[in-house]
Structures are given as C-alpha cells and as structure tokens.
Amino acid sequence: MESNPLLPLPEGVQIDQIQVSKNEVNITVIATHLTCCCPLCSHPSSSIHSRYRRTVRDAPCAGRRVQLTLCVRKFFCRNPLCERKIFTERLADLVRPWAKMTTRYCEQLTSLGLATCGKGGTRLAARLGMHTSRQTILRRIMALPDPPVGTILYLGIDDFSFRRGCQFGTILVNLESHRVVDLLPDRKAETAAAWMRQQLDLMVVSRDRGGEYASAATQGAPQALQCADRFHLLKNLREALEGLLAHHLAAERKRQIHVTVDSQAPVWQAKRVIRSSPKLEWLQQARREERLAAYSQVIALRKLGLSQAAIARQVGIGHSTVSNWLAAGTFPERKPREQASQLDRYLPYLFERWAEGCHNIACLFRELVGQGYKGSYESVRDNLVRLLPSGRKNAADSSSKTSALATSRQAAFLFLRRPEELNVEEQEQLCKLRQINLEVDLAYELVQQFAQMLRTRTGEQLDAWLNKVESSKLLELQTFAAGIEKDKDAVRAGLTWWINNGMVEGQVTKLKLIKRQGYGRAGFPLLRKRILHAL
Ligand SMILES: [Zn+2]
C-alpha cells in the first residue's frame, strides 16, 4: 500500500494495512529499505536476521486514537571488527528506540504540558483524543534540553516571588531577543554574579535599584554598564514626594477646618434672622405698635399727674413696666429675642467634626452627649441639615469632589503626570495644591523637571537637578537625591539609555501566570523549564 497523504511517514516506511474501529485506528507500517546501517559501526547490512512487531502510539486522527504497528527487522552486522552481531533497524525520524510513542505525538504532549500544566494538560489531551497521564506530561517537560543561552549583550535582571513574601528567585532576560534566558533559584548577589561570569559579552545590565543586583553586576560583569530602571526611579521619587506632601497637606487641612468654623459662625447668625417668616415679622411689628401706643398713653397720663399705680391700672400693664418706661425717658425698643438653644455652644465642635469628614449624625450626637449635651437627637440633626450650607448630602458630595484636598498619594501622582494630560478638574486640583505654600510649589517644579529628564532621556541634566535639590530646603527630596548620589552612574545611564526593565516586568507577569497554572504545586526546576520553553 502506498503511503497515505493523511499520515506523513519518513522515507523508506510504508503503510501496509489500516484497521478502523469506533475509537481507534490501527495502522501497520513496514520499512522498505533494502539495507540498514549498524548503529555501532555504521556498516550497511542487507542480511535480515528476523522480524518482530512493535506498537507505538501516534498523534490522534480526527478524534480517534492512532496506534502504529511497526514491522521491524533485525539485521546481521557483517563487519568482523564490530562488537554488535545483530542490530535492530532504526526509524529515527518516526520513533526513538524503546519509545512508546512517535516523536510527533511526544512533541504534541509536551506542547500541551507547556501551555497548561500536568493535570490540566491531561484533561485537555483527553478532549483531543490523546490519552496520557500527568506524570508523562511532566516527564516530557523535564526531559526538554535547556535552550542555548547564546550571546547576550543587554541583560535585564529582576527578582520574582516564588512563594509570595517568602521565597524569591531571579529572572534574566535578553533585552534584544525579548527571551527569558534563565531563572535562578534565589536573589543572592553571588548566584547572579556566578551566572554573569559565564556571559563574557555582556555590555549592559539593566536592574532595579536594589543593592544585590548592583553588586552582582559589579562582581560578575565588571565590564558591563549598569542601568538603573526608570520605573523604580520614578517610584522612589513618588514615595519621597508623598512624604513631603503628607505633612503639608495635614497642615493645610487643619487650616481649612479653622476657616470653615469661622465662616460657619456668621451663617448661623444670619440664618437666625432669615428664619423669621413674613408673618412673624408682621406680628412683631403689630406688637411694637401696640406697645408704642401703650407707652404714649403712659406718658400722657403721667403728664396729667396720675400716679404710677393709677397709670398701670388704667393702661392695663404692670406697675414695674410703667416705672421702667418712665425712667427710660424714650420708647424702649424691645431687645431682639435671644434664641439661644442648648446646641449653640456645641456648634463650633460640630462644624469642626463635619469638616474633618464625620458626616454620621448619630455618631456626632453621641459625641455631644458625651460632652454634656442634654438636647435631643432631632435638634442636632435638624440644625446640622439646616445650617450646613448645602445640607447633608450635598455637603458630603462637595467635600469629596471639589472642595476636598487630594490625599498625599493622589497628589503625588498628580505631580508626576504630564501637565498636558490632566483634565480640567485635575488641573484645578493641582493648582490648589501648588498654592498651599512655596515649598510645595518648588517641589512640583523639581519633580516635573526630573520626570521630564526621564521622559526625554536627558540624563546629562542630572547633576544640575541634584544641585537644585541640594539648594532647596525640601528634606524628602534631598533624601531621594542622596540615594541617587550613591548610584549615580547607573541612574544617569538609566536616564539616558533606551534600556529599562519594563520587558523584565512583563516576563515576570508571564511567569506568575505560568506559576499559577501549576496551582502552587510545581517546584523551581519545573517552573524553570516551563519558562525557558514558554510558548
Ligand atoms: Zn556493526
């Protein structure tokens, strides 16, 4: 039978017979070469000793399992100098000696294992008509040879956590080919240095700002230029900035609370006046006129010579009132009615707490009771809702959107971003932050200059920038600058060269995915194989 186009076979091998059942295809294959070479002495031989059958599993065909029955011959080696007298013919391109599966089937299983994991690979294989075990897949992966490292000129190095927070490893990436070239089981300087010593062509090592990899590169690749990663530089700057902004923002918040309390007080007074309804005003006016009329009558009766007691009886007011009015000399306007409530003396405290962000009225009420307040909860609630400029809900909204200051973390991010990328609200927020005081404004200028240097790769400006920070009084930025001074060459290279560790971070993300596919059960050797052969 001719070789079937649907089942590629190497030259010299033919299909003899095909048997198809519901789930399986059994294909008998025979070798047709007239001669075969001895594997030991390579001497060709045509003397057949015997034949035997060997079954191997092959890649499935349309969901059916495929089994090859190989009719294999044994030959005599006629080379008198050869130790081997009888040898079995090799079908090197199809199946390896002693193997239970064809080479292509083996490669498919390995690919499944690399793309999934032991158990997942087994499950997926079953769906594809391949029957295998977890151990087989893992064994296939572990049997893969390490890919050659090749020449590395630009190396990226970083750590990754093998067990979060407990066990760390090192990932090494060729920044030109974008491939992971190796994983190391720890993140010690000696281990990384030993690896680098074997890479004689290393020109640049891109690393984070940690001391371990810096010293590894110094020991293992002294000829290479070290490059501090820009992301880590920016992260360190942001942390320094956050510290600086935190205490300025805290001071600003305190100041704002006082301003709020002061500005609330007149509102309280004003509201009291405004609270009078037109009807009430009319009533007050009518009472005043009535009172004025009584006063005029008192004065008139007094001029007629009546006694105070007689006047009181005639006018129908109290004796003491007559006495007071006569003593006053002019019409005594009634004093505005005191409307003091029990809550009044607690209002500054309430406004302060509200401005601090406590908008839970029940909580505020309990605090007031703790301070000796004897009034009702309703009084606290009604007064708060009425007296605060925009009521409870609006007050909460406005404090979170427009009037509230950003947190130091948010502010630090605002400071670092490109000004042209900020929307209107962010620009307003930034403007407000810069107005806090001169130090904050200066910090913004310095931070933007550093970010600009980093974006435009103008590392030659680093010294000038460091001098500016030195002459400023910004302690946090000076601490950051002191850190740069210790690692200045690498930082300058990082601010100048195209190289950075972004690609390494990307590979770490991929590593994490592959690690989790193993459900935390795979050890370092398996992880390393899977990463080095990752698809
Ligand atoms: Zn031989």
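Here the structure is a predicted model, which means the values were calculated and not measured. Note: hydrogens, waters and symmetry copies are ignored here, and every other heavy atom, side chains too, is used. Numbering of ligands and ligand atoms starts at 1, following listing order.
Around the Zn ion (ligand 1), the protein N, O or S atoms found under 2.8 Å comprise C38 SG, C41 SG, C77 SG, C82 SG.
Under a 4.0 Å N-O distance rule, the pair E485/K488 qualifies as a salt bridge. In summary, K235 and D208 do not engage in a salt bridge, as defined by a charged side-chain N under 4.0 Å from a carboxylate O.
In the model, T218 has a side-chain atom that pairs as donor or acceptor with a side-chain atom of Q226 under 3.5 Å. In the model, E439 has a side-chain atom that pairs as donor or acceptor with a side-chain atom of H248 under 3.5 Å.
When the salt bridge (charged side-chain N to carboxylate O under 4.0 Å, His left out) test is applied to R134, no partner is found at least two apart in sequence or on another chain.
Here the side chains of Q108 and L128 are not in contact, with every heavy-atom distance at 4.5 Å or above.
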